[in-house]
Amino acid sequence: MTKSKESSVANARRGLLAAAVLATFGPASASAWAQDAGAAPFELGAVTVIGKRTQVGQVGEDQVGSVVSRKDMQQFNRDNVGAALNLLSGVAISTNSRNEQTISVRGFDSRQVPLFIDGIPVYVPYDGYVDFKRFTTADLAAIQVAKGYSSVAYGPNALGGAINLISRRPSQQFEGDASAGLASGRERRSSVNVGTNQGAWYLQAGASYSQADGFPLSSDFKPSAAEDGGQRNNAYSKDSKLSLKVGLTPNAGDEYVISYYKQDGEKGQPPSTVPAAARYWKWPYWNKESLYFISKTALGGAETLKVRLYHDSYDNEVDSYTNGNYTTLKTSGAGSVGTGRSIYNDRTNGGSLELESLRLKAHTLRLVAHYKADDHNERDANGVVNATFKDALASLAAEDNIELAPGLILSLGAARHQLRPETVFSLGNPYSLPGNKTANNLQGALFYDLSPSARLYASVARKTRLPTLKDRYSQRLGTFVENPDLRPEQSLNYEIGYQGSPWQGSKAEAALFYSDIDDKIQSVANVAPNLSQMRNVGRVRSSGIELGLRGDINAQLELGGNYTLTDLANLSAPAVKLTDVPRHKLTAHVLLRPLPRLDLIAFAEYDSARWVSNTLQLAGFATLNLKAAYKPSRQVALEAGVTNLTDKNYALADGFPSAGRMWFTNLNYRF
């Protein structure tokens, strides 16, 4: 066979391996979305099970995942990643005891569904969590969410899937946008993004800033000794973000990119409205700085090498006060005895190599190697180091996508991960370095294209999560005994589903999922007098259904919505409740275009009751948001709206009520 014929076969094969329909149901093609929203995605940042060389403006999609597009973020005013993710079926947001925004995907929390930026892990090294409110969406092109079954290219710890933030990549010689907004609570927001693509090189830069004095509580909120109502106490926040990307594209097959991110945050932590549980904390800084290198190099006509290298720094401080006056630091607390101040300095260095080959007929083979080194340091206000923990995480994986017949693809994957403790130091509590921990993953899926716009799939995946530094070593202010010998959590994830377009301009999804989770890491009380310990004792079942439909009814009307049923069962301890996940979640929206330049949007969400402890269940709630958007020109959009129109008093966690009725207004300009 000639080289040109081989190239044609390879291109045809890639076409047959095209990624599936967006589960978030964009109203038009990906390229049309990019044109409307003015933000093309960074293709190298996408992670797919089966993919193709996407065209400019397209998002590489994951077959059993979902995508929040830039257009969705703008249309529904989702300014942070947590709010954007809440648009999706299978996703629920909540609040932890530090009043941080957390998420779950089909019952898996954010330690089990880690966060990535352009395929690079960005979860906090110490505990695996992130505060999704701290990650703004102004400089994003899309958000990928893999559920249950995910590519081995994500690396370790994707027990229940993965969340990938895809940055922008300019497609024009000069392009950009700017926005400014105001909202209740004296909230001020602004952002600007600019880019240029000069063929052989491109540049993308962005900056965003937001600040708020707090947020209003519902008029139905009943004051307590820790919260007097009106504007939420100690709920101020300030976040800024800079991003810079420089790319070289010497030819059609090669690309070399350096990205820099700097996030600076400051926030107050509203105390629990339950006086006995109130913490009077402030975070004078929550900062993240990152440097990434991502490349793609064609090695002849059949192989491609992708490289990701990264350095992340995470620095934060929490100050603990004696009461709501916030004037006197505790003599002990917040993790640092004698100062009331806890200072964390975490560092992550790592990289991955991915070799993709089309050399074998009807096969797309990937070999992936990962290495990640995490370094956690705790010190007090006097500079005394209280704890130092270091881990190395290594992984080898292989993935093969086999074209069994036209429109029928078999995807197989295997991975082996190893956690290597390197340093364990805790002031006043010496103990020996624990041994290595290993985990093995296997997965397989079938994808069958009923038509160019409809696909059926079935998957099964054996996934793991290795324990975090906090899981193994934290004494939780003297209330826990460490357990360095914790084993990985394991889950067997099953799914069958459909993704398609019933009519032109529509998107639909249906999925049944079932996960059997074993060796789940849970706290066990009274392992010593008045002390608890984290142990591998949990066995949990998560099952459910996801349904969704979105589409244009005519030129003036768009309807959409999704429904999720999540059934969680604690098989190892039926009397112990599984928390923070509603059994039912329903969203619906209506977009009306009474005039060519005017959009009226209504978005409603219903969450059923959720358990937040073994004895407390929070009531379900429904909220309604309204927005009007007027475009006097193609470049300018004026927006005004209201969230929680009915001023519903509701909470996602006990003691942490959500905002009541809030108004907002925005000015957006694209050039």
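The backbone N or O of Tyr514 sits nowhere less than 3.5 Å from a side-chain atom of Ser543 that would complete a donor-acceptor pair. Counting only distance, with no hydrogens or angles, the side chain of Asn197 and the backbone of Gly199 share a donor-acceptor pair below 3.5 Å.
In summary, Asp567 and Arg541 engage in a salt bridge, as defined by a charged side-chain N under 4.0 Å from a carboxylate O. We find that Glu495 and Arg106 are joined by a salt bridge, their nearest charged nitrogen and carboxylate oxygen being less than 4.0 Å apart. With salt bridges taken as basic N to acidic carboxylate O contacts below 4.0 Å, none links Glu489 and Lys463. A salt bridge links Arg550 with Asp72: at least one charged nitrogen is closer than 4.0 Å to a carboxylate oxygen. A salt bridge links Arg487 with Asp519: the distance from a Lys NZ or Arg NE/NH1/NH2 to an Asp or Glu carboxylate oxygen falls below 4.0 Å. Glu255 has a carboxylate O that lies under 4.0 Å from a charged side-chain N of Arg169, or vice versa, which qualifies the two as a salt bridge. Using a 4.0 Å cut-off between charged side-chain N and carboxylate O, Asp177 and Arg168 make a salt bridge. Ion pairing between Arg359 and Glu303 holds under the 4.0 Å rule for side-chain N and carboxylate O. At a threshold of 4.0 Å, the pair Asp109-Arg465 does not count as salt-bridged, since none of the basic side-chain nitrogens sits closer than that to a carboxylate oxygen.
Between the side chains of Thr297 and Asp254, no donor-acceptor pair is found at a separation under 3.5 Å.
Under the 4.5 Å side-chain criterion, counting only non-hydrogen atoms from C-beta, Phe76 is in contact with Leu87. The closest side-chain heavy-atom distance from Tyr292 to Leu309 is not below 4.5 Å.
Taking the six-membered ring for Trp and thresholds of 30 and 60 degrees, Tyr123 and Phe116 have ring planes more than 60 degrees apart, a perpendicular arrangement. The aromatic rings of Phe293 and Tyr256 lie parallel to each other, their planes meeting at an angle below 30°, with 60° marking the opposite boundary. Taking the six-membered ring where the residue is Trp, His584 and Tyr563 present parallel rings, their angle staying beneath 30° rather than reaching 60°.
In this view, Asp400 and His363, Leu365, Ile402 satisfy the side chain to side chain contact (heavy atoms under 4.5 Å, CB included) rule, not counting sequence neighbours. Shown here are the side chain to side chain donor-acceptor pair (under 3.5 Å) partners of Asn441, two or more places apart in sequence or in another chain: His417, Thr464. For Leu557, the side chain to side chain contact (heavy atoms under 4.5 Å, CB included) partners at least two apart in sequence or on another chain are Ile553, Asn554, Leu559, Val590, Leu592. In this structure Asp518 satisfies the side chain to side chain contact (heavy atoms under 4.5 Å, CB included) test together with Arg539, sequence neighbours excluded. Arg462 is linked by a side chain to side chain contact (heavy atoms under 4.5 Å, CB included) to Gln490, Leu492, counting only residues two or more places apart in sequence or in another chain.
Figure legend: cation-pi geometry between Lys245 and Phe42, with NZ or CZ positioned under 6.0 Å from the six-membered ring centre and within 45° of its axis.
Between Ser94 and Leu652 the shortest heavy-atom distance is OG-O, 3.3 Å. The nearest pair of heavy atoms linking Leu466 to Pro488 is CD2-CG, 3.5 Å.
Leu586 contributes atom CG, which lies 11.5 Å from atom OG of Ser89 (distance to the nearest 0.5 angstrom).
Each salt bridge (charged side-chain N to carboxylate O under 4.0 Å, His left out) pair with one or both residues in residues 76-85, not counting sequence neighbours, appears once here: Asp79-Arg189.
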